[in-house]
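Nothing here was measured: the structure is a model prediction, and the numbers come from that model.
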Amino acid sequence: YDSLPNILAANNFRAVVDAIVYAHKKKKMVIFMMGAHVIKCGLSPLITDLMKRRVVKAVALNGAGIIHDAEVAMIGRTSEDVGEGIINGSFGMAEETAAFINGAINYGFRNGLGIGEALGSRIAKANFKHKEMSVLATGYKYGVPVTVHVAIGTDIIHQHPSANGMAIGEGSLLDFKT
């Protein structure tokens with residue numbers, strides 16, 4: 001930490017760390033609201049560690065965040081190269097990802113659960129080799145709310161037949177209320 005240069009993103013990083021430490025010491029809420037790239041770039045272990053230590057009290061994700069989180073839990077990485085997939089027409093066609101996530105969302109809808117809790121419980125209970133890296137499963141396991149805020153039609157899982165707009169909308173609304 002002290003060896004970081006006193007410029008640009010290093011200063012921003014220090015400011016964020018200092019704010020988190022200050023808030024935690026003052027028993028304030030530390031809530032991470034993040035997009036998918038935090039997970040896609042491999043930073044899940046940092047987030048889950050802060051959740052386990054009760055520093056981070058809640059996490060809010062977008063729809064892409066749950067895709068990367070589930071795939072990291074399933075196979076240890078995300079499944080697609082976006083640039084290549086767009087060119088050859090295969091982008092967003094990972095059946096296993098959509099079936100698992102939409103199945104969890106549909107399960108949550110039938111049982112009055114938001115997307116974060118439904119998917120977190122399904123990942124936590126699945127036989128996935130890398131589920132310890134899942135922000136969603138960690139939230140479920142440690143009682144840290146992980147909410148998901150979806151824009152319908154923007155995520156790859158929405159183009160699959162298993163997608164249920166009513167379930168996605170209700171699950172996201174329940175998470176918003178959380």
Assigning hydrophobic clusters by single linkage (Ile, Leu, Val, Met, Phe, Trp, Tyr; side-chain heavy-atom cutoff under 4.5 Å), is Leu43 placed with Ile66?
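Per the 4.5 Å side-chain linkage, Leu43 and Ile66 are co-clustered.
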Count I, L, V, M, F, W, Y as connected when their side-chain heavy atoms are under 4.5 Å apart, and connections chain through other members. Are Phe109 and Leu119 then in the same cluster?
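Shared cluster, no.
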Phe32 and side chain to side chain contact (heavy atoms under 4.5 Å, CB included): which partner among Val135, Val56, Val144, Val146?
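Testing Phe32 for a side chain to side chain contact (heavy atoms under 4.5 Å, CB included) against Val135, Val56, Val144, Val146 leaves exactly one candidate, Val56.
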For [X] and [Y], work out which heavy atoms get closest and say how close.
{"X": "Ser162", "Y": "Ala99", "value": "OG-CA, 4.2 Å"}
{"X": "Ala10", "Y": "Pro5", "value": "CB-O, 3.0 Å"}
{"X": "Val30", "Y": "Ala23", "value": "CG2-CB, 3.8 Å"}
{"X": "Ala64", "Y": "Asp155", "value": "N-OD1, 3.3 Å"}
{"X": "Ser121", "Y": "Tyr140", "value": "CB-CE1, 3.3 Å"}

Using a cut-off of 6.0 Å, state whether more than 12 heavy atoms not belonging to Lys52 lie near its atom NZ.
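Yes - once you tally the heavy atoms of other residues, nucleotides and ligands closer than 6.0 Å, there are more than 12.
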Under 3.5 Å, side chain of [X] to main-chain N/O of [Y], donor-acceptor pair present?
{"X": "His158", "Y": "Gly153", "value": "yes"}
{"X": "Asn102", "Y": "Ala98", "value": "yes"}
{"X": "Asp49", "Y": "Pro45", "value": "no"}
{"X": "Asp69", "Y": "Ile39", "value": "no"}
{"X": "Asn62", "Y": "Gly65", "value": "yes"}
{"X": "Arg54", "Y": "Tyr142", "value": "yes"}
{"X": "Lys131", "Y": "Ala126", "value": "yes"}
{"X": "Asp175", "Y": "His149", "value": "no"}

I would like to know whether Met74 and His130 meet side chain to side chain contact (heavy atoms under 4.5 Å, CB included); could you show each step before the answer?
CA-CA 6 Å; Met74 295 165 115; His130 306 283; over 6 Å; no
Non-hydrogen side-chain atoms of Val59 and Met34 separated by less than 4.5 Å:
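In contact.
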Rounded at 0.5 Å granularity, tell me how far [atom1] in [X] sits from [atom2] in [Y].
{"X": "Arg53", "Y": "Thr48", "atom1": "CZ", "atom2": "OG1", "answer": "10.5 Å"}
{"X": "Met29", "Y": "His24", "atom1": "CE", "atom2": "NE2", "answer": "12.5 Å"}
{"X": "Ile123", "Y": "Met133", "atom1": "CD1", "atom2": "CE", "answer": "11.5 Å"}
{"X": "Leu50", "Y": "Ile20", "atom1": "CG", "atom2": "CD1", "answer": "6.5 Å"}
{"X": "Asn111", "Y": "Glu117", "atom1": "CG", "atom2": "CD", "answer": "10.0 Å"}
{"X": "Met51", "Y": "Ser44", "atom1": "CE", "atom2": "OG", "answer": "10.0 Å"}

His37 and His68 aromatic ring geometry - parallel, tilted or perpendicular at 30°/60° bounds
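It falls in the tilted class, 30° to 60°.
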By the rule that ILVMFWY residues connect when side-chain heavy atoms come within less than 4.5 angstrom, directly or transitively, which residues belong alongside Phe13?
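Grouped by the 4.5 Å side-chain rule, Tyr1, Leu4, Val17, Val21 form the rest of the cluster around Phe13.
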cation_pi(Arg122, Tyr107) dist<6.0 Å, angle<=45
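Ring-cation test returns yes.
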Side chains of residues 165-174: which donor-acceptor partners sit under 3.5 Å, not counting sequence neighbours?
{"residue": "Ser172", "atom": "OG", "partner": "Val148", "partner atom": "O", "Å": "3.2"}
{"residue": "Ser172", "atom": "OG", "partner": "Val150", "partner atom": "N", "Å": "3.0"}

I'd like to know whether Thr78 forms a side-chain hydrogen bond (donor to acceptor under 3.5 Å, both in side chains) with Glu71, so could you lay out the CA-CA distance, the side-chain angles of the two residues, the decisive distance to 0.1 Å, and finally the verdict.
CA-CA 5 Å; Thr78 57; Glu71 289 187 334; 4.9 Å; no
Could you give me the CA-CA distance, side-chain angles and deciding distance for Leu61 and Leu136, then say whether side chain to side chain contact (heavy atoms under 4.5 Å, CB included) is met?
CA-CA 9 Å; Leu61 297 173; Leu136 289 154; 4.3 Å; yes
Closer than 4.0 angstrom, basic N to acidic O: yes or no for Arg14 and Asp18?
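Not counted as a salt bridge, because no side-chain N and carboxylate O are separated by less than 4.0 Å.
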